[in-house]
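I have placed the structure first, in the form of structure tokens, so that the comments after it can refer back to it.
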Amino acid sequence: MRLKNYINGQWVESRSSQVLDVRNPATDEVLAEVPLSTIDEVGEAIKAARDGFEQWRQTPPLTRARYLFRLKDLLEERLEEISRLLVQEHGKTLAEARGEVRRGIENVEVASGIPSLMMGSNMEDIAKGIDCESIRQPIGVFCVIPPFNFPFMVPLWFVPYAIACGNTCIVKPSEQVPLSQNILFQTMHEAGFPRGVVNLVNGAKEAVDALLESDEVNGASFVGSSAVARYVYQKAAVHGKRAQCLGGAKNFLVVMPDADLDTAVDGIIGSAFGCAGERCLAGSIVLPVGDVYEALKAKLVQASSQIKVGNGLDERVDMGPVISRRHRDRVLGYIENGVEEGARLLLDGRKLDGDGLRNGWFVGPTIFDEVRPEMVIANEDIFGPVLGIIKVRDLDEALRIIDANPYGNATAIFTGSGKWAREFKYRVRCGMVGINVGVPAPMSFFTFTGWKGSFFGDLHAHGRDAIEFFTEKKVVTVRWV
Ligand code: NAD
């Protein structure tokens with residue numbers, strides 16, 4: 001099956017001669033072919049979005065919300081179908097895929113509140129007989145450029161808010177995992193959005209560049225690695241667009257001596273090995289404080305060695321493969337680097353055998369002890385199931401290590417003490433903080449607040465920031481004589 005683009009309310013075959021295979025990472029089976037759309041095709045999508053804008057912005061917010069209600073109902077009906085497809089295109093487990101679809105739908109739910117969310121403010125008598133009002137207006141056309149790791153959910157961090165606010169948009173899915181976006185757009189087609197409101201263009205760098213260089217596109221929402229996030233942010237700025245660019249991560253998990261160890265171990269393992277470590281909120285380094293170190297280490301290794309690796313469609317499996325052969329080799333490269341730099345392997349994910357693992361890109365849970373802050377594995381975004389342990393003396397030392405890291409997406413502390421928790425929350429320079437929670441993922445009605453090298457922009461994804469990002473303010477000062 002060769003995937004189509006969705007432009008101006010219609011499915012259209014791409015004319016591109018460049019095509020990639022979409023492979024199931026658990027079996028290496030080819031699931032579909034994805035075209036890398038040409039600059040002209042991107043231009044057609046931009047034109048459709050631009051042509052659809054005026055009528056859509058004049059559609060009352062309540063009516064716009066009703067399309068989203070319909071979309072939500074249709075997505076609920078297809079939850080299982082989408083989840084199974086996600087497992088096949090991405091490799092995550094069914095439970096993880098269902099969670100992803102649920103989180104995606106929640107953004108549609110929240111954006112359905114647009115009549116309240118988009119209200120402005122006003123004040124009488126700012127001077128004698130003069131009133132003032134501040135209103136929010138849609139801006140125009142937005143593009144959405146997601147990464148491979150949450151193929152269904154990440155576009156929904158942006159699209160529902162963009163269109164609820166009265167903009168039109170174009171999604172360029174990750175070329176590695178375009179299938180669940182194909183279903184999302186089929187569902188949006190069924191929901192009956194007017195022509196040009198939502199458009200899908202398959203492709204890669206060339207398509208992204210065409211979107212960013214177009215004067216007809218007003219803004220960009222990007223999620224991916226920090227190097228590309230920075231590039232997209234800079235290019236968007238050069239071409240006069242607003243941009244929110246979410247980048248990579250290196251997340252540290254602190255365990256205080258007074259932590260409940262079972263809660264900490266569950267939280268750390270779920271964080272480090274959930275979605276095979278391919279989450280921007282994945283815990284990557286554990287910082288045990290003082291004498292909790294030995295007991296924590298033993299429990300972590302014991303629990304991690306029970307994780308069942310395999311094809312995510314099997315409900316007994318806890319962890320699926322990583323996305324591709326190339327990415328598997330990259331993760332294995334980091335493990336080799338850790339060994340060369342002198343970290344001690346407590347659990348070696350390279351040693352995997354078992355039925356059904358031969359054709360896929362599997363890496364088992366891997367734990368390194370005696371990691372030092374200056375090592376490569378302590379600093380870089382590995383994006384695989386590799387966890388390092390750096391023993392620290394006290395909370396100050398833990399905070400210094402976290403602070404020195406260029407990323408600032410998420411972090412967590414495990415403790416029984418409100419005092420430690422408050423101090424950590426107050427001082428740590430990261431945007432998303434868990435207290436006895438290993439994956440502190442904000443729900444859709446809060447914002448997704450990466451800091452430092454994990455984010456380029458001012459207004460973050462979903463929550464209130466989304467309404468700010470997808471609207472422009474206009475202030476009207478009124479005197480009637
Ligand atoms: P990536 O940067 O390789 O690709 C992301 C998107 O950018 C894709 O759609 C891709 O087609 C496009 N792209 C890739 N190279 C490009 C280039 N040179 N020019 C223009 N466009 C380009 O990221 P990925 O490997 O798909 O995703 C994994 C990364 O995403 C990890 O670093 C992870 O931490 C990050 N991530 C961050 C968050 C967050 O919220 N901060 C969430 C999920 C994933």
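We count ligands from 1, going down the list as the structure has it; atoms in each ligand are counted the same way. Counting from 1, the numbers follow the sequence of the chain as shown. It should be emphasised that the depicted structure is a prediction, and the values quoted were computed from it without experimental measurement. These values consider heavy atoms only, across backbone and side chains, with no hydrogens, waters or symmetry-generated copies.
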Task: Which of the ligand 1 atoms, numbered from 1, are nearer than 4.0 Å to a heavy atom of I145 - done: 6 (C), 7 (O), 9 (O)
Open item on the list: Any donor-acceptor pair under 3.5 Å linking the side-chain atoms of D381 with those of S225?
Closed with: no
Task: Proximity to ligand 1 by part of R279, non-hydrogen separation under 4.0 Å - done: neither
Task: Y6 and N199: side chain donor to acceptor below 3.5 Å - done: no
Open item on the list: List ligand 1 atoms under 4.0 Å from N149, heavy atoms only on the residue side.
Closed with: 43 (C), 44 (C)
Task: Which residue and heavy atom of the protein sit nearest atom 42 (C) of ligand 1, plus the separation - done: C280 SG, 3.1 Å
- [ ] Using a strict 4.0 Å threshold on nitrogen-to-oxygen distance, state whether E190 and R78 make a salt bridge.
- [x] yes
- [ ] Specify the protein heavy atom at minimum distance from atom 24 (P) of ligand 1: its residue, its atom name, and the distance to 0.1 Å.
- [x] F148 CD2, 3.6 Å
Task: Close-contact set for ligand 1 against S174 heavy atoms, below 4.0 Å - done: 9 (O)
TODO: Pull out every atom of ligand 1 sitting under 4.0 Å from any heavy atom of Y231, numbered as shown with elements.
DONE: 19 (N), 20 (C)
- [ ] Looking only at protein heavy atoms, identify the closest one to atom 18 (N) of ligand 1 and say how far it is in Å.
- [x] K205 CD, 3.6 Å
TODO: Specify the protein heavy atom at minimum distance from atom 41 (N) of ligand 1: its residue, its atom name, and the distance to 0.1 Å.
DONE: G247 O, 2.8 Å
Task: Which residue and heavy atom of the protein sit nearest atom 32 (O) of ligand 1, plus the separation - done: D381 OD2, 2.7 Å
Task: ligand 1-proximal atoms of F448, by part, heavy-atom distance under 4.0 Å - done: side chain
- [ ] Considering the heavy atoms of K172, write down every atom of ligand 1 situated less than 4.0 Å from one of them.
- [x] 8 (C), 9 (O), 10 (C), 11 (O)
Task: Residue pair R429, K452: steps toward the side-chain contact (heavy atoms from CB on, under 4.5 Å) verdict - done: CA-CA 8 Å; R429 287 211 307 137; K452 291 159 74 184; 3.9 Å; yes
Open item on the list: Counting only heavy atoms, tell me which of N251, V208, V154 gets closest to atom 21 (N) of ligand 1.
Closed with: V208
Open item on the list: Please state which option from V228, V223, L212 has its nearest heavy atom closest to atom 5 (C) of ligand 1.
Closed with: V223
Task: Nearest protein heavy atom with distance in Å, relative to atom 35 (C) of ligand 1 - done: G224 O, 3.1 Å
Open item on the list: Under 3.5 Å between any N/O of F383 and any N/O of ligand 1: does that happen in this structure?
Closed with: no
Task: Ring center gap for F383 and Y334 short of 6.0 angstrom - done: no
TODO: Take the angle between the ring planes of F455 and H460 and call it parallel below 30°, perpendicular above 60°, tilted in between.
DONE: parallel
Open item on the list: Can you tell me if F222 contacts ligand 1 (heavy atom of the residue under 4.0 Å from the ligand)?
Closed with: yes
Open item on the list: Less than 4.5 Å apart, side chain to side chain, heavy atoms only: is that true for E13 and R2?
Closed with: yes
TODO: Verify salt bridge (Lys or Arg N to Asp or Glu O under 4.0 Å) between R325 and D329, making sure each step is shown before the conclusion.
DONE: CA-CA 6 Å; R325 175 202 287 259; D329 292 349; 5.4 Å; no
Task: Heavy-atom protein contact below 4.0 Å for atom 15 (N) of ligand 1 - done: yes
Open item on the list: Check contact between G450 and ligand 1, using heavy atoms of the residue and a distance below 4.0 angstrom.
Closed with: no
- [ ] Please could you name the atoms of ligand 1 that E175 approaches to less than 4.0 Å, counting only its heavy atoms?
- [x] 10 (C), 11 (O)
Open item on the list: One residue to check: P146. Relative to ligand 1, which of side chain, backbone, both or neither has a non-hydrogen atom less than 4.0 Å away?
Closed with: backbone
Task: Which residue and heavy atom of the protein sit nearest atom 23 (O) of ligand 1, plus the separation - done: S225 N, 3.4 Å
Task: Ionic contact status for K72 with E106, cut-off 4.0 Å - done: no
- [ ] Would you check whether W157 reaches within less than 4.0 Å of ligand 1, judged by its heavy atoms?
- [x] yes
- [ ] Give me the ring orientation class for F193 and W56: parallel if the planes are under 30° apart, tilted from 30 to 60°, perpendicular past 60°.
- [x] perpendicular
Open item on the list: Using a strict threshold of under 4.0 Å (side-chain N to carboxylate O), is an ion pair present between E213 and K241?
Closed with: no
Task: Pairing of R136 and E468 as salt bridge, 4.0 angstrom limit - done: yes
- [ ] Could you tell me if the ring centre of F469 sits under 6.0 Å from that of F142?
- [x] yes
Task: Identity and separation of the nearest protein heavy atom to atom 27 (O) of ligand 1 - done: P147 CB, 3.2 Å
Open item on the list: Using a 4.0 Å cut-off to any heavy atom of G248, which atoms of ligand 1 qualify?
Closed with: 32 (O), 34 (O)
